[in-house]
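Some notes on the structure that comes next.
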Amino acid sequence: MRVHIADHPLITHKLSVLRDKSTPSPVFRQLTEELMTLLAYEATRNVRVEECEVVTPVTTTTGVKIGDPKPLVVPILRAGLGMLEGMTKLVPTAEVGFLGIVRDEETLQPSTYAERLPDDLSGRQCFVLDPMLATGGSLAAAIRFLFDRGATDVTAVCLLGTPEGVHAIESLVGERDLTLVLGAMDERLNEKGYIVPGLGDAGDRLYGTV
């Protein structure tokens with residue numbers, strides 16, 4: 001497993017505003033989208049491309065285009081939806097699937113309640129979007145789901161992560177090909193499984209409490 005922490009002043013600045021409990025939902029949503037575009041730049045560094053011919057105003061040259069099969073972007077519902085637009089702005093030809101995973105607040109164990117994905121992911125590059133890598137349970141469940149469908153190249157993108165969450169994902173992955181891209185690595189989890197210092201519940205701050 002490869003872990004990349006995006007150390008960039010713009011990312012740190014935007015994360016600082018997200019952390020502020022007084023930041024309203026509309027601003028939170030906009031910043032999440034902007035952050036995702038910055039993180040997507042790092043996450044797609046090894047996206048598959050193929051050569052193509054390009055006719056410029058001067059001559060003909062060789063360029064590249066996104067290869068087939070197209071990348072598959074998988075936001076984890078519901079909070080991952082806030083990251084989707086930032087990703088598809090950068091890679092508009094990507095296809096989108098969905099995974100609904102909920103965490104039991106008592107046991108902290110995840111369960112899948114919805115999915116919309118191809119039955120066979122063989123040969124697909126998959127990008128999983130989940131704002132918070134806390135215990136790692138939800139993200140691990142999503143990654144396991146994709147590998148079980150045949151994916152061999154998965155990149156997970158999170159705004160924040162914790163050492164505990166990274167360790168949990170690393171234990172799951174083994175020898176499989178996974179890249180983890182984080183906006184920042186926070187200190188720890190508290191006794192309720194929340195990231196410290198964190199930014200609270202990303203889903204509630206994106207969309208309000210339901």
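Count residues from 1 along the sequence.
- With values rounded to the nearest 0.5 angstrom, Q30 atom CD is found 13.0 Å from S25 atom OG.
- Put simply, the side chain of T60 reaches to within 4.5 Å of the side chain of E53, judged on heavy atoms.
- Residue R48 is tested with D68, D153, I66 for a side-chain contact (heavy atoms from CB on, under 4.5 Å); the sole match is D153.
- Under the side chain to side chain contact (heavy atoms under 4.5 Å, CB included) criterion, P26 pairs with P24, R29, not counting sequence neighbours.
- Atom CG of L199 and atom CZ of F28 lie 4.5 Å apart (nearest 0.5 Å).
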Next on the checklist: I'd like to know whether E95 forms a salt bridge (charged side-chain N to carboxylate O under 4.0 Å, His left out) with R124, so could you lay out the CA-CA distance, the side-chain angles of the two residues, the decisive distance to 0.1 Å, and finally the verdict.
Outcome noted: CA-CA 10 Å; E95 297 178 359; R124 300 293 295 267; 2.9 Å; yes
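- In summary, R78 and D204 engage in a salt bridge, as defined by a charged side-chain N under 4.0 Å from a carboxylate O.
- With values rounded to the nearest 0.5 angstrom, T23 atom OG1 is found 5.5 Å from R205 atom CZ.
- Linking ILVMFWY residues whenever their side-chain heavy atoms come closer than 4.5 Å, directly or via other members, leaves L206 and V74 in distinct clusters.
- Looking at L99 and L77, their side chains never come closer than 4.5 Å, going by heavy atoms from C-beta outward.
- A 4.5 Å side-chain heavy-atom check between L84 and F98 finds at least one atom pair inside the cut-off.
- Classification of D177 and R2 as a salt-bridged pair holds, one side-chain N sitting under 4.0 Å from a carboxylate O.
- V128 and L38 are members of different hydrophobic clusters when ILVMFWY side chains are connected at heavy-atom separations under 4.5 Å.
- Counted within 6.0 Å of CG on D20, heavy atoms from surrounding residues, nucleotides or ligands total more than 12; the atom is thus considered enclosed.
- Using a 4.5 Å cut-off between side-chain heavy atoms of Ile, Leu, Val, Met, Phe, Trp and Tyr, with links allowed through other members, I169 and M83 fall into different hydrophobic clusters.
- Applying the 6.0 Å contact sphere to CD of E50 captures more than 12 heavy atoms from other residues, nucleotides or ligands.
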Next on the checklist: Could you go through L90 and M87, starting from their C-alpha distance and side-chain angles, then the distance that decides it, and tell me whether this counts as side-chain contact (heavy atoms from CB on, under 4.5 Å)?
Outcome noted: CA-CA 5 Å; L90 195 68; M87 183 73 176; 5.8 Å; no
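- Residue L172 holds its CG atom at 8.0 Å from CG of L178, rounded to the nearest 0.5 Å.
- Hydrophobic clustering of Ile, Leu, Val, Met, Phe, Trp and Tyr side chains at less than 4.5 Å, counting indirect connections, keeps V196 apart from V166.
- In this structure the side chain of L189 never reaches within 4.5 angstrom of the side chain of Y194, judged on heavy atoms.
- Contact check on R188 versus D186 returns no salt bridge, with no Lys/Arg side-chain nitrogen under 4.0 Å from an Asp/Glu carboxylate oxygen.
- We find the CG-OG distance between D130 and S138 to be 6.0 Å, quoted to the nearest 0.5 Å.
- Heavy-atom minimum distance, S122 versus D120: OG-OD1, 2.6 Å.
- A salt bridge links E33 to K89: at least one charged side-chain nitrogen sits closer than 4.0 Å to a carboxylate oxygen.
- The side-chain heavy atoms of E115 and R149, taken from C-beta on, include a pair separated by under 4.5 Å.
- Considering every non-hydrogen atom in both T32 and G82, the closest pair reads CG2-O, 3.4 Å.
- Looking at P197 and E187, their side chains come closer than 4.5 Å, going by heavy atoms from C-beta outward.
- A side-chain contact (heavy atoms from CB on, under 4.5 Å) with I195 is found for one member of L133, L160, T135 and no other, namely L160.
- Judged by distance alone, the side chain of T112 and the main-chain N or O of A114 form no donor-acceptor pair under 3.5 Å.
- Between the CG atom of L129 and the CD1 atom of I76 there is a distance of 8.0 Å, given to the nearest 0.5 Å.
- For the pair R176 (side chain) and V173 (backbone), a donor-acceptor distance under 3.5 Å is present.
- Within the 4.5 Å cutoff, the side chain of Q125 has heavy atoms near those of the V47 side chain.
- Residues V91 and F127 are not in side-chain contact: their nearest non-hydrogen atoms beyond the backbone lie 4.5 Å or more apart.
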